[in-house]
Amino acid sequence: MASPTALLSARSFVASSLAALALGLGAAAPASAHPHVWVTSKAEIDYGEGSKVTGIRHAWTFDASYSASAIQGLDANGDGTVSPDELAGLATDNTANLAEFAYFTKLKIGGKEQTFADPIEPRMRMDGDRLTLSFLLPLKSPVAQGRGVAALEVFDPTYFVAFSLSEDADTARLVGSPAGCAATITRPKSEQAKTADAKTADAKPGLSEAFFEALTNASSYGVQFANRIIVACP
């Protein structure tokens, strides 16, 4: 089975972890279907001095099958639970590996796409049978939003990982934002098609597993499943 630190690497996971896929993720979906990993996400948009946007704090909760695969062998003290300390190395490695995929994150402020510095404060914890990864993704240069709109998208261009926004009240939080700023959530219009595609991808022309394996991180396919948080300030 592949190392857990490789599991977030979508394309390499397809290529090198077929055994893990069959044993772990296979319980959640047929080996030929897309997507293979499901993530429920929350995001915090942080503001700093001068009301500038300084970064995004993500919290991603993985499906039970992926979670079980990822934590195998990490219960170092054998007490039957995996603690945040035992998960610390996995959190650091997985967060660093996300750079290859631009952290599945796109942020535009006033219509201009922003760039991110290296992530910090990686943490993992188990809540029941689900693993949650959290980390802070700082902007390379904090940006004043002013009266413009900030648009945050979270998605996988290759659709190996399916992101959906949590239904919880704290799914989109603004920390330190100017008075009157408000966040609005928009979910993908293709939500129903996503489910259908995942179930029948191997049977539809153009939606075979080979089609998905040919996708790159520059693909526009996954954007149709993007979750968006739109922030408007007066």
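None of these values were measured; they are calculated from a predicted model.
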message: For a 4.5 angstrom cut-off between non-hydrogen side-chain atoms, does Asn94 reach Met124?
response: yes

message: Assigning hydrophobic clusters by single linkage (Ile, Leu, Val, Met, Phe, Trp, Tyr; side-chain heavy-atom cutoff under 4.5 Å), is Met126 placed with Trp60?
response: yes

task: Find out whether Glu100 and Leu98 are in side-chain contact, i.e. whether some heavy atom of one side chain is under 4.5 Å from a heavy atom of the other.
output: no

Pairing of Lys42 and Asp170 as salt bridge, 4.0 angstrom limit: yes

message: Using modelled atom types and a 3.5 Å cut-off, is there a donor and acceptor pairing between side-chain atoms of Arg187 and backbone atoms of Leu165?
response: yes

task: Please work out whether the ring planes of Phe116 and Tyr103 are parallel, tilted or perpendicular, with thresholds of 30° and 60°.
output: perpendicular

- prompt: Just by distance, with hydrogens left out, do Thr132 and Thr61 show a side-chain donor and acceptor under 3.5 Å apart?
  reply: yes

- prompt: Is His58 close to Thr105 at the side-chain level, that is, under 4.5 Å between some pair of heavy atoms?
  reply: yes

task: Say whether, by atom type as modelled, one donor and one acceptor occur between the side chain of Ser51 and the main chain of Tyr47 under 3.5 angstrom.
output: no

field: Interatomic distance, Gln145 atom CD to Ile109 atom CD1 [nearest 0.5 angstrom]
entry: 6.0 Å

- prompt: Is Glu121 salt-bridged to Arg57, cutoff N-O under 4.0 Å?
  reply: yes

query: Does Ser134 reach the main-chain N or O of Ala59 with its side chain, forming a donor-acceptor pair under 3.5 Å?
result: no

message: Is it the case that the side chain of Thr171 and the backbone of Ser166 share a donor-acceptor pair, with hydrogens and angles ignored and the cut-off at 3.5 Å?
response: yes

task: Flag yes if more than 12 heavy atoms outside Glu113 fall under 6.0 Å of its CD atom; otherwise flag no.
output: yes

query: Regarding Asp85 and Ser83, is there a side-chain donor-to-acceptor distance under 3.5 Å anywhere?
result: no

